[in-house]
> 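Pasting a structure here, questions to come.
Note on naming: letters A, B, ... go to the chains in the order of the sequence lines (proteins, then strands), and numbering restarts at 1 for each one.
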Amino acid sequence: MEDFRTPTARARGLGAARGGTRDFWYQRVTSALGVLLITGAIIVVIDSIGADYDDVRALLSNPVVVALLLLALLNFCIHMRIGMQVIIEDYVHQPMAKVLLLIVNAGFSTVIGVVGAVAIIKIAFSG
Amino acid sequence: MRAFLPLNFGTDTASWVAKGKIWNTPAGAKATRVFEIYRYDSESGRGPRLDVYHIDRGSCGPMVLDALIKIKNEIDPTLTFRRSCREGVCGSCSMSIGGRNWLACTQRIDDIEGSIRIFPLNHFPVKKDLVVDQRHVLAQHQIIQPWLKTAKPAPEGEWLQSPEDRVKLDGYYECILCFSCTGGCPSYWWNGDRYLGPAVLLQAYRWIVDSRDEATGQRLDTLEDPFRLYRCHTIMNCTKTCPKGLEPAKAIARIKAMLVARQH
Ligand code: SF4
Ligand code: FES
């Protein structure tokens with residue numbers, strides 16, 4: 001089909017969405033916080049190498065440790081959702097496929113986050 | 001890998017560049033330089049080809065544009081390209097030279113080793129040879145309203161600006177809209193229909209920081225969009241390929257910082 005729209009109409013398109021700043025900002029903030037939180041989480045994991053279930057449960061009974069792991073997970077999931085969304089928007093141009101992938105992406109990040117959080121909380125409260 | 005990647009990434013075979021004509025070395029030339037130049041006519045129905053020209057370096061000016069003019073005048077008058085000022089101020093002669101977008105009139109022949117490959121500016125649809133269709137990017141430039149916008153009527157004399165505020169325009173007002181940067185931006189290649197690209201965003205910033213302008217917030221509104229602005233992923237090709245030494249990436253980062261600042 002020939003496109004008879006003027007260059008101006010095409011360039012203006014649907015106008016400015018008045019958005020994107022929040023995702024941009026969250027992506028920067030979660031990068032910076034991620035360095036701290038993931039380092040903390042890795043230390044917890046290294047500390048638990050070779051430990052049995054009771055030791056880990058004891059470690060996770062400490063509220064600071066649980067909070068650290070939950071925050072690291074939440075931070076990671078937000079960062080992952082935004083990062084993947086940018087990639088999908090960059091490269092997937094077929095509208096249906098794009099919307100579908102964006103939903104799958106948001107769903108995946110949410111499920112990973114919830115499952116991870118439940119697992120951590122379960123261990124923490126199992127004692 | 002071969003199984004997954006189609007030849008030339010599956011591009012239309014009609015756009016593949018064929019070998020073109022080889023023009024003979026001029027008689028009596030001592031030092032010659034070889035130019036391989038992309039030739040294509042969008043109305044011919046034929047695909048593009050790469051013509052090879054041998055230029056007598058001794059009778060040619062120092063810049064790539066001198067060589068192009070020499071070819072057009074003395075060897076092949078059908079070669080088509082844009083140029084006007086021949087001194088880096090009009091922005092007409094930007095093209096891909098030796099793999100980098102630059103102005104033909106400010107690129108020294110002797111700074112390039114071996115044969116010199118010249119293609120039209122990356123990404124833009126080609127009309128003929130080195131002339132590309134810039135209608136879309138120029139329409140995008142109109143979106144940012146590149147003129148002083150004020151609610152107050154114009155004063156008798158000039159709009160006043162302090163020297164400190166004037167300095168804020170340095171590095172931005174010099175842009176000549178050659179679109180080297182925009183043509184070199186991968187994000188613009190994938191999403192140029194909606195992403196405004198580095199040149200237009202640098203121009204937008206030039207008006208956003210202008211202390212005399214009264215439409216700053218409105219200008220930011222126009223840009224606040226996941227595609228128009230936030231497709232910039234700080235790849236920095238723009239800064240590398242600006243023949244005026246400007247930094248579109250910096251301008252874009254500053255626009256983003258302003259949009260964050262007005263949220264808090
Ligand atoms: S910023 Fe530089 S490369 Fe981009 S259009 Fe302006 S002068 Fe050309
Ligand atoms: S001819 Fe004007 S910039 Fe090259």
> Counting only non-hydrogen atoms closer than 4.5 Å, does Ile143(B) touch chain A with its backbone (N, CA, C, O), its side chain (CB onward), both, or neither?
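The answer is the side chain of Ile143(B).
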> More than 12 non-hydrogen atoms from neighbouring residues, nucleotides or ligands closer than 6.0 Å to CZ on Phe81(B), yes or no?
yes
> Establish, from distance only, whether the side-chain atoms of Thr21(A) and Glu224(B) form a donor-acceptor pair under 3.5 Å.
yes
> If we ignore hydrogens and angles and just use 3.5 Å, is the side chain of Arg231(B) paired with the main-chain N or O of Val86(A) as donor and acceptor?
yes
> Are there more than 12 heavy atoms of other residues, nucleotides or ligands under 6.0 Å from atom NZ of Lys98(A)?
yes
> With a 6.0 Å cut-off (strictly less than), is the heavy-atom count around CZ of Arg86(B), excluding the residue itself, greater than 12?
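Atom CZ in Arg86(B) is not packed in, count stays at 12 or less.
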> Counting only heavy atoms not in Arg262(B) (residues, nucleotides, ligands), do more than 12 fall under 6.0 Å from its CZ?
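Above 12, so yes.
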> Hey, does Gln263(B) have a side-chain heavy atom less than 4.5 Å from the side chain of Trp25(A)?
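Side-chain contact under 4.5 Å: no.
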> Tell me if a side-chain donor or acceptor on Arg228(B) pairs with a main-chain N or O of Arg12(A) at a distance below 3.5 Å.
yes
> Against chain A, label Tyr195(B) side chain, backbone, both or neither, depending on which of its atoms sit under 4.5 Å from a heavy atom there.
neither
> Side chains of His233(B) and Asp90(A): closer than 4.5 Å at any heavy-atom pair?
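Contact flag for His233(B)/Asp90(A) side chains = yes.
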> Arg18(A) and side chain to side chain contact (heavy atoms under 4.5 Å, CB included): which single residue from Leu220(B), Thr222(B), Asp221(B) fits?
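Among Leu220(B), Thr222(B), Asp221(B), the one that satisfies the side chain to side chain contact (heavy atoms under 4.5 Å, CB included) with Arg18(A) is Asp221(B).
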> What is the minimum heavy-atom distance between Asp225(B) and Ala17(A), and which atoms define it?
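Smallest interatomic distance, heavy atoms only, reads OD2-N, 2.6 Å.
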> Is it the case that more than 12 heavy atoms not belonging to Glu43(B) sit under 6.0 Å from its CD atom?
no
> Which distance, rounded to the nearest 0.5 Å, do you find between the OG1 of Thr8(A) and the NE2 of His136(B)?
10.5 Å
> Has Met236(B) got more than 12 heavy atoms of other residues, nucleotides or ligands less than 6.0 Å from its CE?
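At most 12 heavy atoms, drawn from other residues, nucleotides or ligands, come within 6.0 Å of this atom.
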> Does CZ in Arg10(A) sit with more than 12 non-hydrogen atoms of other residues, nucleotides or ligands closer than 6.0 Å?
yes
> Scan side-chain atoms only and decide if His93(A) and Asp193(B) contain a donor-acceptor pair under the 3.5 Å cut-off.
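Short answer, no.
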> Got more than 12 heavy atoms from elsewhere within 6.0 Å of CZ, Arg135(B)?
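No.
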> Sort His264(B) into side chain, backbone, both or neither according to what part of it lies under 4.5 angstrom from a heavy atom of chain A.
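When you check distances to chain A, only side chain atoms of His264(B) fall under 4.5 Å.
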> Quick check: closest heavy atoms across Ala11(A) and Ala139(B), and the distance to 0.1 Å?
CB-CB, 3.7 Å
